[in-house]
Student: 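Handing you a structure now.
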Amino acid sequence: MGGAAEGRGAGAQSIDVGAISAEVAAGRRCWLMKSEPEVYGLDDLARDGQTSWEGVRNYQARNFMRDDMAVGDLVLFYHSNAQPPGVAGLARVCRAAYPDPAAFDPASPYFDPKSKPEAPAWLRVDLAYVGHLARFVPLEQLKADPELSGMLVIQRGQRLSVQPVSGPHLLRVLALSAG
DNA sequence: GCCAACGTTGGC
DNA sequence: GCCAACGTTGGC
């Protein structure tokens with residue numbers, strides 16, 4: 001591997017910013033979701049094409065998925081606990097919230113005995129890969145950008161792994177990644 | 001590894 | 001319902 005693909009996994013795609021802008025202008029909902037790249041990063045999603053977002057164990061994050069997330073929604077894929085942390089790419093919700101089977105599995109690190117199949121406490125969505133940002137946008141750059149003031153991910157102590165993002169903020173991140 | 005921020009738990 | 005203790009997140 002080399003050239004433009006340096007540092008990206010096999011199958012990495014670029015993002016059609018014009019098409020995304022049109023979607024956002026038409027009212028497409030936007031999100032940011034965090035993953036530790038050593039656990040499951042954007043390269044893994046590019047390889048797999050889609051994935052089930054298991055393991056959300058925070059009520060506010062669950063409620064966002066349950067109440068507000070729909071098929072087609074756009075997702076900034078954020079690498080947390082990374083060096084540096086930041087936005088790596090774009091994904092899309094391809095299945096709306098449904099019970100997270102990991103919560104029922106005693107062998108899973110996400111097992112939660114409070115969650116029963118007849119009354120699931122935890123949900124997951126499925127995400128499809130859209131593309132890698134032209135350039136990774138580190139958290140430091142998000143924090144420094146005046147147009148992104150108010151974005152949740154840059155706020156101190158903000159730990160939510162599923163966050164709503166405004167359309168203009170999502171487009172701004174794409175613009176920053178282009179240069 | 002440190003630690004600030006936050007969420008959850010459990011005694012009362 | 002209060003709140004201290006504890007566990008987790010996640011940047012640094």
Side-chain angles (χ1 to χ4, degrees), chain A residues 7-9 29-48 51-69 73-93 97-127 129-130 132-166 168-170 172-177:
Chain A
R8 296 185 190 175
R29 249 185 225 276
C30 304
W31 305 91
L32 179 146
M33 295 173 80
K34 298 177 182 175
S35 187
E36 301 189 21
E38 291 193 5
V39 176
Y40 194 88
L42 186 66
D43 289 344
D44 297 306
L45 184 59
R47 178 198 63 217
D48 296 343
T51 196
S52 295
W53 203 263
E54 66 176 12
V56 171
R57 295 293 178 268
N58 171 282
Y59 289 104
Q60 197 176 352
R62 180 205 65 184
N63 293 348
F64 279 134
M65 292 196 297
R66 182 190 63 195
D67 301 335
D68 298 316
M69 202 174 273
D73 285 3
L74 296 166
V75 179
L76 292 173
F77 197 110
Y78 180 89
H79 282 170
S80 60
N81 265 327
Q83 292 170 12
V87 179
L90 195 64
R92 190 186 291 282
V93 177
Y98 61 102
D100 183 352
F104 310 137
D105 177 6
S108 168
Y110 302 120
F111 175 63
D112 182 351
K114 292 194 306 294
S115 188
K116 310 289 187 191
E118 63 274 18
W122 301 115
L123 305 173
R124 71 184 191 188
V125 297
D126 290 356
L127 294 187
Y129 176 73
V130 174
H132 280 65
L133 297 188
R135 284 196 318 226
F136 182 85
V137 178
L139 176 60
E140 184 178 29
Q141 190 177 4
L142 300 177
K143 286 180 171 176
D145 192 287
E147 292 189 32
L148 294 179
S149 70
M151 194 178 182
L152 288 176
V153 74
I154 64 177
Q155 289 176 14
R156 177 182 181 82
Q158 178 54 258
R159 302 188 313 183
L160 262 186
S161 61
V162 177
Q163 305 180 353
V165 172
S166 73
H169 281 174
L170 180 133
R172 179 61 179 164
V173 173
L174 298 185
L176 289 175
S177 82

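Residue numbering restarts at 1 for every chain, and letters A, B, ... go by the order of the sequence lines.
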Student: Before you tell me yes or no, could you show the steps for A:Gln155 and A:Leu152 under side chain to side chain contact (heavy atoms under 4.5 Å, CB included), namely the whole-Å CA-CA distance, both residues' side-chain angles and the distance that decides it to 0.1 Å?
Tutor: CA-CA 5 Å; A:Gln155 289 176 14; A:Leu152 288 176; 4.0 Å; yes
Student: To the nearest 0.5 Å, tell me how far A:Met65 CE sits from A:Asp73 CG.
Tutor: 12.5 Å
Student: How would you summarise protein contacts on nucleotides 5-12 of chain C per nucleotide, using B for base, S for sugar-phosphate only and - for none, with heavy-atom distances below 4.0 Å?
Tutor: --BBBBBS
Student: Can A:Trp122 and A:Phe104 be said to form a ring-ring contact (aromatic ring centres under 6.0 Å, His included), step by step?
Tutor: CA-CA 10 Å; A:Trp122 301 115; A:Phe104 310 137; over 10 Å; no
Student: Before accepting this row, confirm whether a basic side-chain N of the pair A:Arg62/A:Asp100 lies closer than 4.0 Å to the acidic partner's carboxylate O.
Tutor: no
Student: Which pairs would a plain distance check flag for residues 75-88 of chain A, meaning a side-chain donor or acceptor within less than 3.5 Å of a matching protein atom at least two apart in sequence or in another chain?
Tutor:
| unit_1 | atom_1 | unit_2 | atom_2 | d |
| --- | --- | --- | --- | --- |
| A:His79 | NE2 | A:Leu42 | N | 3.0 |
| A:Asn81 | ND2 | A:Glu36 | OE2 | 3.1 |

